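Working notes, structure below.
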Amino acid sequence: MSWMFLRDLLTGVNKYSTGIGRIWLAVVFVFRLLVYMVAAEHVWKDEQKEFECNVKQPGCENVCFDHFFPISQVRLWALQLIMVSMPSLLVVLHVAYHEGREKRHRKSQYVSPGMMDGDLWYTYLISLIVKTGFEIGFLVLFYKLYDGFGVPYLMKCDLKPCPNTVDCFISKPTEKTIFILFLVIISCLCIVLNFIELSFLVLKCLIKCCVQKYSKSLQSSACECHNLRYVECGEMGTPPLLQNRHSNLATSSPHQDKTKLLFDTQEG
Amino acid sequence: MDWGTLHTFIGGVNKHSTSIGKVWITVIFIFRVMILVVAAQEVWGDEQEDFVCNTLQPGCKNVCYDHFFPVSHIRLWALQLIFVSTPALLVAMHVAYYRHETARKFRRGEKRNEFKDLEDIKKQKVRIEGSLWWTYTSSIFFRIIFEASFMYVFYFLYNGYHLPWVLKCGIDPCPNLVDCFISRPTEKTVFTIFMISASVICMLLNVAELCYLLLKVCFRRSKRTQTQRNHPNHTLKESKQNEMNELISDSGQNAITGFPS
């Protein structure tokens, strides 16, 4: 089990994501996972070995290192990556569950990959909210644990068994600060992408609902006129007024196929 | 997750690149990524362990190492390779979006005469024209900017591309000016110059590709204006002939039906 497993799991999410979701996946793969594996992991490789305190008292270095780094930054980074990717699994599980149901009922639920209807929309929305929550949570945890996003070159430590306040020197503080700032910037970018995707999904749903209500009300009034035509006009064709109304429906309504059919049958 | 995954991402763009673009991808993966993975990481592996200062003062070595190497060479190269490869993802996304739209139109029944089935759409090579030309050109432009920036950062951080065998360090807590010795400076200098040369070659390839794309567009436009200039009389004669034919056919119809048009 390695990062490949996470990559393969997330690749499955790609099919059912929006465009912004795919950009988010690309950012996570390239700027977080790849950078972590090829660069960041090696920077923290020898962090305890090279952590040095200006004292010969045995145990002082261990105690001070444990006090300043309760959890290593690079491990926190890895945990963040895993937790942030997990909500996307909800979407994969949801689709797998529905595909299982389809096989049993021999009915196709999702017309094509990428179409988000009904339950899947809610699952996707929840996964977005949870993802964003994890991102913000981990950034706050980072800030609180290490008093900011910088790594100092020197820390003063006076915990037992250190005899007095000793200077402790951290290895590669500048390089670590650069990578932590890089992580923070990419996390913020991912949060922004999640917010944009969330707003886009909610707005799209609202617009679709409003348009559906409007077209339903128009269709019901059109049906009344249609019945009226067969009573008054017979089979000679529609009066010009009704033809114009239907041509407007064909251009403005999202249910173009339906209205187009209506237009065609009336002409024919 | 390693360079192989990046290779899969970028390799997909290869199909839609120009010939110079394909050469660029090969140079990136063989002369830079492979060298970084196979050789450079071995050479820089023990860089801090074998960085030795002529003092027993605890903390002096750490502080001096951090001052002279704020970011390790290999990390900077890894970041450079990631940033330089990323613009190609824009092209990959654009092609994926184009294919998605074509597949959507195919399902609606619009492009049935151009493609046999959905598999055909996936296999089709997308030409670098229209909006894809702009995406491709922007990606090359960003590549050049990233390469140049990283080369400048390298030069600025390490005062050139040569690694000295001894560095003088007098930063607190070092008690005085101490000598600090870098491990394998010559080997590191050789690899640094190799990687910088590969960067320069990649940058030249990108510039050549950019010029090629711009020239191609200019040449295509001039050819189009030339054909329009050479055949305007023909088009005028054809349109007049069409008008005459229409008049004849209309007058003929009117003669049959007896109604004026």
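Computed from a predicted model, the values in this text were never measured in an experiment. Protein chains get the first letters and strands the later ones, always in sequence-line order, with residue 1 at the start of each.
Within a 6.0 Å sphere centred on CZ of A/Phe195, other residues, nucleotides and ligands contribute 12 heavy atoms or fewer. By the 6.0 Å contact criterion, CZ on B/Phe142 is open, its count of non-hydrogen atoms from other residues, nucleotides or ligands being 12 or less. By the neighbour-count criterion of 12 heavy atoms within 6.0 Å, atom CG of B/Leu56 is sparsely surrounded, having that number or fewer from other residues, nucleotides or ligands. For B/Phe31, the CZ atom counts as loosely surrounded, since its 6.0 Å shell holds 12 or fewer non-hydrogen atoms of other residues, nucleotides or ligands. Around the OH atom of B/Tyr97, the shell of radius 6.0 Å holds no more than 12 heavy atoms that belong to other residues, nucleotides or ligands. The number of heavy-atom neighbours closer than 6.0 Å to NZ of B/Lys22, taken from other residues, nucleotides and ligands shown, is above 12.
Within the 4.5 angstrom heavy-atom criterion, no atom of B/Leu36 approaches chain A. With a 4.5 angstrom heavy-atom cutoff, B/Gln57 touches chain A only via side-chain atoms. For A/Phe31, the part lying near chain B is the side chain, with the backbone staying farther off; criterion is any non-hydrogen pair under 4.5 Å. B/Thr86 touches chain A through its side chain: at least one heavy atom from C-beta onward sits under 4.5 Å away, while N, CA, C and O do not. Interface residue B/Phe83: only side-chain heavy atoms are found under 4.5 Å from chain A. In this structure, the portions of A/Asn54 lying under 4.5 Å from any heavy atom of chain B include both its backbone and its side chain. Interface residue A/Ile170: only backbone heavy atoms are found under 4.5 Å from chain B.
To the nearest 0.5 angstrom, A/Lys45 atom NZ is 7.5 Å from B/Glu49 atom CD. Between atom NZ of residue A/Lys172 and atom CD of residue B/Glu47 there is a gap of 5.5 Å, rounded to the nearest 0.5 Å. The distance from atom CG of B/Asp172 to atom CG of A/Asp167, rounded to the nearest 0.5 Å, is 8.0 Å. Note that CG of B/Asp66 and NZ of A/Lys176 are 9.5 Å apart. Values are rounded to the nearest 0.5 Å. To the nearest 0.5 Å, the span separating OH on A/Tyr153 from CD1 on B/Ile171 amounts to 8.5 Å.
Contact check for A/Arg22 versus B/Met93: no side-chain heavy atoms found under the 4.5 Å cut-off. The shortest side-chain heavy-atom distance between A/Val38 and B/Leu81 does not fall under the 4.5 Å cut-off.
Residues A/Glu175 and B/Ser72 come closest through the heavy atom pair OE2-N, 3.1 Å. Closest approach of A/Cys53 to B/Pro58, counting heavy atoms only: O-CB, 3.9 Å. Shown here for B/Gly59 and A/Glu52, the closest heavy-atom pair between the two residues is N-OE1, 3.2 Å. The two atoms that bring B/Pro173 and A/Phe169 nearest to each other are CG-CZ, 3.1 Å, heavy atoms only.
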Trace of the side-chain contact (heavy atoms from CB on, under 4.5 Å) decision for A/Thr174 with B/His67:
CA-CA 8 Å; A/Thr174 311; B/His67 174 77; over 6 Å; no
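In this structure, the side chain of B/Asn62 engages the main chain of A/Glu50 through a donor-acceptor pair within 3.5 Å.
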